[in-house]
Every structure is written in structure tokens, then in C-alpha cells.
Amino acid sequence: MSNVQQYLDLYREHRELLEQKSSAPLNAPRAAAAEYLADHPLPGKRNERYKYTDADAAFAPNFGLNLHRALALRNPYASCHCSVPDMSTLVLYVVNDVVFPFRDADRLPEGVTVTTLNRAAEECPELVERYYHRAAAAEPANAHKHIDRVERDAVTQLNTLLVQDGVFVHIEAGVQLEHTLQIVFLSSSRHVLMSNRRLLIVAEEDAKADFLLCEHADAGHGFLTTQVTEVYAADRACLNFYSLEETQPDNARFSNIYVEQQAESRVSLNGIALVTGLSRTMINARLLGVGADCQTTGAVIADGRQQVDNSILVDHVAEACTSDMLFKYVLDGESEAAFSGKVLVRPGAQRTLSHQNSANLCVSPDARVHSQPMLEIYADDVRCNHGSTIGKLDETALLYLRQRGIPEKEARLLLQHAFINDVLQRVQIDALRERLSYLVEMRFRGELRHCKNCRHH
Amino acid sequence: MLEIRNLHASVEGKEILRGVNLTIGDGEVHVLMGPNGSGKSTLSHVLVGNPKFEVTKGEIVFNGKDLLELSPEDRSHEGVFMSFQAPIEIPGVSMTNFMRAALNAKRKYFGQDPMPAAEFLKMLREKRKLVGLDAHFMSRGVNEGFSGGERKRNEIFQMAVLEPTFSILDETDSGLDVDALRIVAEGFNQLRTPKTSALVITHYQRMLDYLTPDFVHVLVNGRIVKEGNASLGYEIEQRGFDWIKEEADRQSL
């Protein structure tokens, strides 16, 4: 029996409570999700997109949920200060699955809404109803081949079944958010806890914004998080997401990101995993308008028994879209990481340009990496290339540095940092790039004790 | 400065050096010549401590210290420098960071504090000007996108920053690249002091013209079989190595 059963039982038993503490748009798709999950076990190694991460096993423990919304929570404003030097951000805290009041609201330009999904459901119900669970419900993977059998992601379904609130961001046409919107996610509880988080981001025509998403977790408890993010970029909208994961070795997270892009929109998703336990990120980006551009980049630094999995699908539906994937992993200890990236070029998506690159360093003999770049092309006028490398540290370069007097440990560190550097260079905000570069260095040195400025008490 | 006694070394189980004896005094320039596969590069890699090469017998004393006991980085601190024949490209490590790490590691080895940032940048600027390396190379990755000549100039620049006492100039196969030889030789001459010595590995007479060596050694089958002054180098340029090999064969019979 699949481990999904305990969550279905929980849903059936507490459905009233769950819905009472939530809002209509979030409640609407629950029944369908329950129906789907009743027939579909949580994915494991037998499912193509989950072959490197056994979700069913990760959901096996009996996690608590904060259904009553009454759990005493740490006040992040009092106990946590998360900031990037030389960078002014607007900070929103989410503790477990509870969105804290946004104190920087008065610094937002006119035309930008940052609030909770439940409040948005009252204040602008038409927007929430229009966008909530739209991209996430459309599974593009094999839709053109198997119209009769559209596969849904069971983790997204489970999130939809149990989620009670989330973050809502709306940017009106032509509005540019000058400051980066930083969302800090904390997992903090005295008990093992499951949090189901949801983000809905809607950018209208010509809107522009940068997001910094930080994930942290208290030590000593096993946390399981599902996070479903839906991003809608209208014509010429420009959105950059930088996410930084610095949690705990006993933390498990499943982040599913759905992106819909209209004509000439530009979306970049840059994820850096510094410390984690089990971390799976899935991105499904659909390029629906002519000339859209989607960049997905990621860096993973893992050791111990950490497991990281990036499963990316960029779906070229419209003509003349461009996409670029760049993922670089440095794996030590007995860590295991996977990259599977697929570029799907639909019939008619002529003049597609795409590039995929997965490069991996295994610095210990017990580290394992799976790299799987894929192309599926149904148009003839396209330029798509992909590359994948797995190797060890370059001994010639190591000798060169040591010959100049740099101690072996330091030389290895420099080379590992240099390897990740390509990904850091994609970060367009100077102060953030420097910060991330510093954190990566501290991580390699084994001296990362939270992000320094982000102190948790 | 350097004394190599009965040095035997192998790579991947195959013996390459079979009893090398070589003494280099302070301020001397020695040229090592020899046919392909005779062990010239092996000797240079053993001197800098490349872990791929295994020393099976013999010893190397460098300024009174047992060189073989030292890690490659400590050999560097003690004054050993190798100008690589084909310097490797290391994207992502900027020249400035590279030199800062190298210099401060050396200072640490001698119990000194890291060089203050302003002083370091000033020193870097001076050395750069001395060897004629443009400022924009400093922000690039190590040798990243450098031409052959620029890489050689960069080796000399690093030599200028680290101020070694013993330099190995490996120019085994770069004979056709006239610029490379000239840059390395002129650079070394420019930085030379009465104390600095060099071991130059080359096939080419041009190197002899530039460097006016004190001694020329010929390595054949892992042993030094003939020694002389600069004129031996010119003779080899004329006659090749066969006569030396034959001479060596006769002696060993």
C-alpha cells in the first residue's frame, strides 16, 4: 500500500477543519486531488521522473500537520534576521506553512500586491481563481503523445489536497519592483512536521521583479516540505528567481515549480543547494508565447548522505523561444545527486534555440551522480545542443596551484569553487552574487554556520 | 643549491630515471638536453613533487633540506619554481586571487602575516609592468583565453611575484614557438640575481643563445651520459644525439 493512504485518511477525517481554515479557491481542487491520489501511489523509482528520488519512501513517516493553524510559532521578526550585505530586500517570512504579516508592504510600489493566498482570495478572488492550480494542473510532459493519459504529479496533488495557505504576488502591467522580494522559509517545530507551501506569482505585461527564496530549517527534527510554485509571466514580463537552500541533513523537501511564459517574457530560475538532506526540485516551464526565454541554472554542493535531484522540463510550444539549462554539482562523501533535463520542442515550435549543460565533479569515490540531458524534437528548424560531463578534480590544475605554493586543501577548494563559478556568474545582482560566492566558499571550507547574517536564535 | 644523487624514478610502474646525478650551484644555469623519452620531463616533475611520479631510489638535497620529504607547496615556499611547458587554463580562479593565495601561503610558511591588500595590489602592478603583462589579465581566470605567448609571460610574472631561487624552465617541445622561448629566457635573465639558479630543459640552440648556460647535460635512457659547457649544446644542435648514444653504449659495454 502506498504511503499516500495516511494523508488521504487524514484529509477525509479533517476535511471540514482543513477547508474552514482555508479559502474557496484552495478548497476547490481538493476533491479531484483526493480522487487522483486514491488511484495513484506516490511516485518512486518506477516512475520516469522520480527514478532518482523515492517520494513514496520520503512520505512514509507519520508527520504531524498544522491543520488547526494553532501551533505556537517562533516569531521570525524577533528571532531571525535574514539579510544580504549591501542589498536592500523586502522580506516576507513563512514559518512552516504559515505566512507572517508582510512588514515591508509600505515599501512596495503601487501596483504590486504581496499577501497570503487566503487574503488574496477575498481581495482579488478573480485573480486567484483564474491562476491558482492552473499551471500545476496542466502536466505538459506527454500531453501531445498521450492525450488520453495525462500524467499528473502526485506530490503536487498531495500539496493541493492539504495546503491551507500560501504566498500571493501580483505585479500589474508595466510595474517594476526595484527591490528584491526575499521570501524566507523556515521549518521550525518541536515535533516532526510536514508543511505544504504554495506560491502563486502573477506578473502582467512588462512587469519586472527579482525574487530571493531562502530555505532554512531548525536542527534536530525531521521536516518534510512540499512546495508548489506557479509562475505566470505575461508578454515581456521579466522575472528572476534565486533560491538558496541551507537546511539540515534530516530535512526533506519537494519543490515543484510550474512556469507559464507568454511572448518575449524572460524567466530565470537559479537554485543553489548548500546544505540539505533530501531535496528534489522539479521545474516544468511552458513557453507559450513567441520569443519567450527561460533560463534554469543550479548548483549543488553535497556531502555526507545528502540526496539532491533536479528534474527540469522546458516545453517549447511557441516559435522562436530560447532556453538554457546549466547545472553544476560538486559531490563529496556518499552523496548522490541527479540531473534530468528535458527540452521538448513541440510541432510548430520552429526557430527554437536551446542549450543544456550538466557538469559534475565527484570528489569522493563514494559520491554518485546521474546526469540525463534529453531532447525531444518535433520541429525541423531548431538548434538544440546538450552536454554532460562527470569527472574528478583536474590533477594537472591541482599540481599547478600547489607548485605555486597553494596548499593542497586550499587548492582543491579553489578549483571546486571555480567549477561552481559559472552558475554564480548567472546571478545578475552583484551584491547577491558576491554573497552567494562567499557562502559557497564557506560551504566548501566546512565553515557554513547558517548564512552568517541570517541568525536564528 | 641542489644536489641530485643516484635518482631513480618511475611512472605507472615503469622506470624512467635510472640513476641521475646532478649538482647545481648558486647562480648557475644548467641546460638539460636529451632525445624524446629520455626522462627530461620526468626529472622536472620529480623535482616539483608531482604525485604521479614515484621516486624508488636516491636523494635530492635542496639547500640542505631533503626535497623529497617536502610537499609540492612546501618545495615552492623553499624556492622551487617550474615554468610549465604548457600552462593549464583554470577558469573561475582569477589571476589576482591565485597570486594572493600563493603569496600569502608562502608568507604563512615563513610565519608572516598576509600582505595587506593595498601593498599586494601595488606589488602586483609593479611585477606586471616589469614583465610586460597587461592589467586586464589580472581579472581573468588563470591562463583563461591567454595566447601561447601570454601564457609564457604569465609564468614569468608568477616567477617575479614568488621570487624563487631555483627555476625549472621546461621548454621541451616549444622550440618552434620562437616567442615562447624568448619570453621565458629574457624573463628569467631579467629576474636573475647572483643567487638564482635554473635548470632549463630544451632541445634548442636558441635557448643556449639567450641564456648562456654554465653547464650542459645530456640525458639518455634515464641517465646523464655526457656533460660539458655551452659548446656541447651547439655540437648537439649540429650532430644530433646519436653519437652521444653510441658513445654511451660503448662505455657501458
Side-chain angles (χ1 to χ4, degrees), chain A residues 272 297-301 326-330 357 359-361 363 365 387 389 391-427 430 433-434 436-445 447, chain B residues 44-53 70-95 97-110 140-144 151 154-155 157-164 166-168 170:
Chain A
I272 296 182
T297 51
V300 171
I301 301 162
L326 172 68
F327 285 80
K328 291 204 142 186
Y329 296 0
V330 177
N357 186 7
N360 307 281
L361 265 186
V363 295
T389 58
K392 294 189 283 190
L393 220 52
D394 185 341
E395 295 293 330
T396 316
L398 196 62
L399 180 72
Y400 190 80
L401 296 178
R402 294 179 73 190
Q403 206 302 299
R404 297 307 187 242
I406 300 174
E408 184 178 358
K409 195 178 162 215
E410 189 75 18
R412 285 184 184 278
L413 209 128
L414 268 175
L415 291 176
Q416 290 174 6
H417 192 275
F419 181 78
I420 294 285
N421 192 50
D422 297 5
V423 172
L424 297 173
Q425 289 308 315
R426 296 286 182 98
V427 176
D430 293 346
R433 185 176 54 246
E434 274 169 37
L436 292 173
S437 177
Y438 170 78
L439 292 175
V440 165
E441 187 185 330
M442 287 297 111
R443 172 65 174 87
F444 279 129
R445 286 187 189 282
E447 292 169 8
Chain B
S44 65
H45 280 275
V46 167
L47 284 169
V48 298
N50 186 337
K52 273 190 202 152
F53 295 79
L70 301 177
S71 65
E73 45 270 37
D74 287 353
R75 295 181 197 200
S76 169
H77 302 323
E78 291 289 342
V80 177
F81 181 91
M82 174 144 98
S83 166
F84 286 82
Q85 191 198 150
I88 191 171
E89 208 172 283
I90 312 177
V93 178
S94 79
M95 274 305 299
N97 284 344
F98 172 40
M99 285 291 92
R100 184 185 291 119
L103 191 76
N104 286 335
K106 184 177 180 178
R107 290 172 70 97
K108 191 177 174 189
Y109 182 78
F110 289 108
R140 281 210 220 160
V142 176
N143 294 319
E144 191 179 6
R151 284 181 197 215
N154 192 18
E155 295 293 284
F157 166 69
Q158 294 167 46
M159 188 193 281
V161 171
L162 296 171
E163 299 177 333
F166 173 59
S167 298
I168 303 156
D170 187 354

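No experiment lies behind these values; they were computed from the predicted model shown.
Without hydrogens or angle criteria, R404(A) side chain to A102(B) main chain gives no donor-acceptor distance under 3.5 Å.
With salt bridges taken as basic N to acidic carboxylate O contacts below 4.0 Å, one links R445(A) and E441(A).
Using a 4.5 Å cut-off between heavy atoms, E408(A) contacts chain B through both its backbone and its side chain. With a 4.5 angstrom heavy-atom cutoff, P164(B) does not touch chain A via any of its atoms. For V161(B), no part sits under 4.5 Å from any heavy atom of chain A, backbone or side chain.
Contact annotation: the side chain of N360(A) never approaches that of K328(A) to less than 4.5 Å [non-hydrogen atoms, C-beta and beyond]. Side-chain contact between F327(A) and N357(A) is absent, with no heavy atoms from C-beta onward closer than 4.5 Å. Counting only heavy atoms from C-beta outward, the side chains of L326(A) and V423(A) approach each other to under 4.5 Å. Two residues are said to be in side-chain contact when any heavy atoms from C-beta on lie closer than 4.5 Å; E73(B) and Y109(B) fail this criterion. The shortest distance between side-chain heavy atoms of S76(B) and K106(B) does not fall below 4.5 Å.
Side-chain contact check for R100(B) and N97(B): at least one donor-acceptor pair (N or O, by modelled atom type) lies under 3.5 Å.
Contact annotation for residues 393-403 of chain A against chain B (heavy-atom separation below 4.5 Å, listed by residue number): D394(A), T396(A), A397(A), L399(A), Y400(A), L401(A), R402(A), Q403(A).
Top candidate by heavy-atom pairs under 4.5 Å with chain A, chosen from E155(B), H45(B), R75(B), is E155(B).
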